[in-house]
Colleague: 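This structure is in structure tokens; I'll ask about it shortly.
Each chain gets a letter, A, B and so on, in the order its sequence line appears, and its residues count up from 1.
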Protein chains: 2
Amino acid sequence: MAGTDTSIKIELRPTPAVILCEPQLGENIGTAARAMANFGLWDLRLVRPRDGWPNERAVAAASRADHVIERVRVFETLEDAIADLTLVLATTARSRDLQKEVIGPDDAAIRMAAQIGSGKGVGLLFGREKWGLLNEEVALADCIVTLPVEPAFASLNIAQAVLLMAYEWRRHSDVGAKLPFADAMADVAPREELLGLFGHLETTLDGSGFFTAPDKRPTVINNLRTMLERGKFTSQEIRTLRGVISSIDRKHQRPNPNRHKPAEKTDDD
Amino acid sequence: MAGTDTSIKIELRPTPAVILCEPQLGENIGTAARAMANFGLWDLRLVRPRDGWPNERAVAAASRADHVIERVRVFETLEDAIADLTLVLATTARSRDLQKEVIGPDDAAIRMAAQIGSGKGVGLLFGREKWGLLNEEVALADCIVTLPVEPAFASLNIAQAVLLMAYEWRRHSDVGAKLPFADAMADVAPREELLGLFGHLETTLDGSGFFTAPDKRPTVINNLRTMLERGKFTSQEIRTLRGVISSIDRKHQRPNPNRHKPAEKTDDD
């Protein structure tokens with residue numbers, strides 16, 4: 001989806017670090033960087049990337065998440081990569097035989113937000129494409145985060161796992177679930193204008209002989225008013241509708257331009 | 001991330017349909033199908049896919065989301081694709097000058113869940129890679145859904161947008177945010193065993209002359225007990241810790257194997 005507003009400067013707020021353990025493909029580092037950027041994350045750390053760093057394929061796959069790629073830091077050990085952090089969450093799709101709490105992404109985001117809110121460093125660990133995190137890596141984390149996936153189809157690539165965690169983080173951060181744009185909705189018209197529309201329509205229908213059964217008239221009018229009210233029309237929309245009514249109404253007083261187009265059959269043909 | 005449990009049969013529950021309008025690349029159709037499968041969606045509809053259907057690249061990119069790919073339906077018009085649906089949500093990253101409500105993914109998921117819960121059909125519209133949905137397509141939807149992205153880096157590919165919507169759908173569906181696996185956490189040991197550990201440690205420390213200032217002993221013991229209590233140890237872990245204490249303690253009664261390894265300096269060297 002398009003929509004990036006390039007006029008806005010990217011600001012680097014305190015956010016969780018993303019730590020990729022021995023990532024194999026540069027593409028995945030790049031797409032992970034892009035997913036981070038989508039939700040305002042920027043601190044990407046790599047532990048022994050297989051193809052070294054910098055990596056051209058990563059840069060290409062990041063599609064302009066340069067502010068993330070430029071800041072990538074490479075570490076020899078996971079211990080070094082997490083040394084400055086106080087909360088470390090290990091993402092995994094597999095159950096581990098470890099005495100460690102397992103939480104979902106929203107719980108994780110709430111805990112991360114609390115830590116970052118109090119100025120602490122937080123990190124999210126992601127494992128290798130092929131077999132994820134090793135148990136000794138998970139053992140270094142405070143707890144395990146896993147996603148509420150369909151167990152029969154649980155395999156996510158790294159960028160997608162990063163995207164979902166980054167999304168949940170942002171929803172729970174001080175930025176919150178703020179949307180990049182809001183309704184262009186104009187105000188609903190004052191009742192007076194809606195009543196004007198009702199009157200206009202009902203007078204016109206009286207003139208066109210719409211109410212064949214006079215005793216039913218009140219009920220039919222209530223139903224019409226109910227229908228129209230639900231539209232929550234703006235002043236402009238009410239003007240448009242009244243124009244529509246007048247136009248159809250006036251048609252009776254002028255030669256019908258459709259007279260010779262049976263395709264567009266009209267009620268007075 | 002690995003983790004798919006191939007022993008579980010995929011069941012097709014009522015879920016939102018995903019409608020891709022004029023998708024250009026087969027890869028994106030495939031990765032969208034995979035993202036759907038991750039969160040239990042399976043009804044994928046294509047409106048005029050540029051490269052036709054079936055599409056080999058889509059199949060390859062779907063990486064075994066065959067149950068989605070096999071059920072793909074192709075439509076000539078968006079109107080046909082949504083004909084059977086009662087709630088239609090248009091995803092877009094751009095503000096439109098339309099008198100239409102804009103909501104976030106969680107709101108959208110709550111509304112979708114309500115409709116599907118009452119047996120209605122729901123659909124999510126996604127636009128072309130290059131320029132998203134056309135206004136006349138958005139106009140056919142009940143409301144606009146957009147993601148709480150970083151405005152300065154808002155561009156998501158289709159599969160990622162589908163992934164996030166599918167994730168939010170599942171969180172709010174009757175399946176809920178159920179995680180594919182839970183803690184392997186054993187129960188915390190009964191207090192009696194924790195008190196046994198306290199006693200064992202404190203007796204050992206009395207023997208080793210740890211409490212140099214007897215008047216401080218109660219405070220130090222309270223601090224030690226507080227520290228250990230926080231561990232929420234299981235019975236097995238308490239046995240392990242008592243083994244650790246005994247082992248260090250017994251060291252005083254046997255020749256120290258580390259005597260000639262200054263690298264591993266120990267307190268009685």
Side-chain angles (χ1 to χ4, degrees), chain A residues 1-6 8-10 35 37-40 63 65 91-102 104 106 126-127 130-132 146-161 163-164 167 170-171 175-186 234 237, chain B residues 1-6 8-10 35 37-40 63 65 91-102 104 106 126-127 130-132 146-161 163-164 167 170-171 175-186 234 237:
Chain A
M1 305 199 294
T4 291
D5 182 343
T6 50
I8 303 170
K9 219 180 127 297
I10 291 166
N38 283 135
F39 292 106
S63 51
T91 62
T92 165
R94 281 184 292 117
S95 178
R96 312 292 181 126
D97 185 20
L98 289 171
Q99 195 60 31
K100 219 173 263 293
E101 192 183 11
V102 174
D106 42 0
F126 296 85
K130 284 262 172 297
W131 57 88
T146 196
L147 299 162
V149 287
E150 168 67 47
F153 201 89
S155 170
L156 283 168
N157 67 38
I158 291 176
Q160 285 169 314
L163 184 81
L164 287 171
Y167 164 76
R170 191 174 179 92
R171 287 206 315 128
V175 183
K178 190 173 172 307
L179 301 177
F181 61 88
D183 301 329
M185 303 271 268
T234 65
E237 290 169 333
Chain B
M1 308 199 294
T4 292
D5 184 341
T6 49
I8 303 169
K9 217 178 128 299
I10 291 166
N38 284 134
F39 293 106
S63 50
T91 62
T92 165
R94 281 184 291 119
S95 178
R96 311 293 180 128
D97 185 19
L98 289 172
Q99 195 61 27
K100 220 174 262 292
E101 191 184 13
V102 174
D106 42 1
F126 296 86
K130 285 261 172 293
W131 56 89
T146 196
L147 298 162
V149 288
E150 169 66 46
F153 201 86
S155 168
L156 283 167
N157 66 37
I158 291 175
Q160 285 169 313
L163 184 81
L164 288 171
Y167 163 77
R170 191 177 179 89
R171 286 206 316 129
V175 184
K178 191 173 172 305
L179 301 177
F181 61 88
D183 302 329
M185 304 271 271
T234 66
E237 290 170 334

Colleague: Do you know the tightest heavy-atom contact between A:Leu147 and B:Pro180?
Modeller: O-CD, 3.0 Å

Colleague: For the backbone of B:Gln99 and the side chain of A:Asp183, can you confirm whether one donor and one acceptor N or O come within less than 3.5 Å of each other?
Modeller: no

Colleague: Take A:Leu164 and B:Phe39, measure what side chain to side chain contact (heavy atoms under 4.5 Å, CB included) needs, and give me the verdict at the end.
Modeller: CA-CA 12 Å; A:Leu164 287 171; B:Phe39 293 106; 3.6 Å; yes

Colleague: Taking all non-hydrogen atoms of both residues into account, name the closest pair between B:Arg170 and A:Pro151 and its distance.
Modeller: NH2-CD, 3.8 Å

Colleague: Could you give the distance from CZ (A:Arg96) to CZ (B:Phe181), rounded to the nearest 0.5 Å?
Modeller: 7.5 Å

Colleague: A:Leu163, A:Ile10, A:Val175, A:Thr234: which one forms the most heavy-atom pairs within less than 4.5 Å of chain B?
Modeller: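 Max contact count across the listed options: A:Leu163.
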
Colleague: Which bit of B:Ala182 is near chain A, if near means a heavy-atom gap under 4.5 Å: side chain, backbone, both or neither?
Modeller: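 For B:Ala182, backbone heavy atoms alone lie under 4.5 Å from chain A.
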
Colleague: Using modelled atom types only, decide if a donor and an acceptor are shared between the side chain of B:Asn38 and the backbone of A:Phe153 within a distance under 3.5 Å.
Modeller: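 Yes; at least one donor-acceptor contact below 3.5 Å.
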
Colleague: Between A:Arg171 and chain B, which part of the residue has a heavy atom less than 4.5 Å away: side chain, backbone, both or neither?
Modeller: side chain

Colleague: So which of B:Ala37, B:Ala186, B:Gly40, B:Ala159 has the biggest tally of heavy-atom pairs under 4.5 Å with chain A?
Modeller: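 Most heavy-atom pairs under 4.5 Å with chain A: B:Ala37.
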
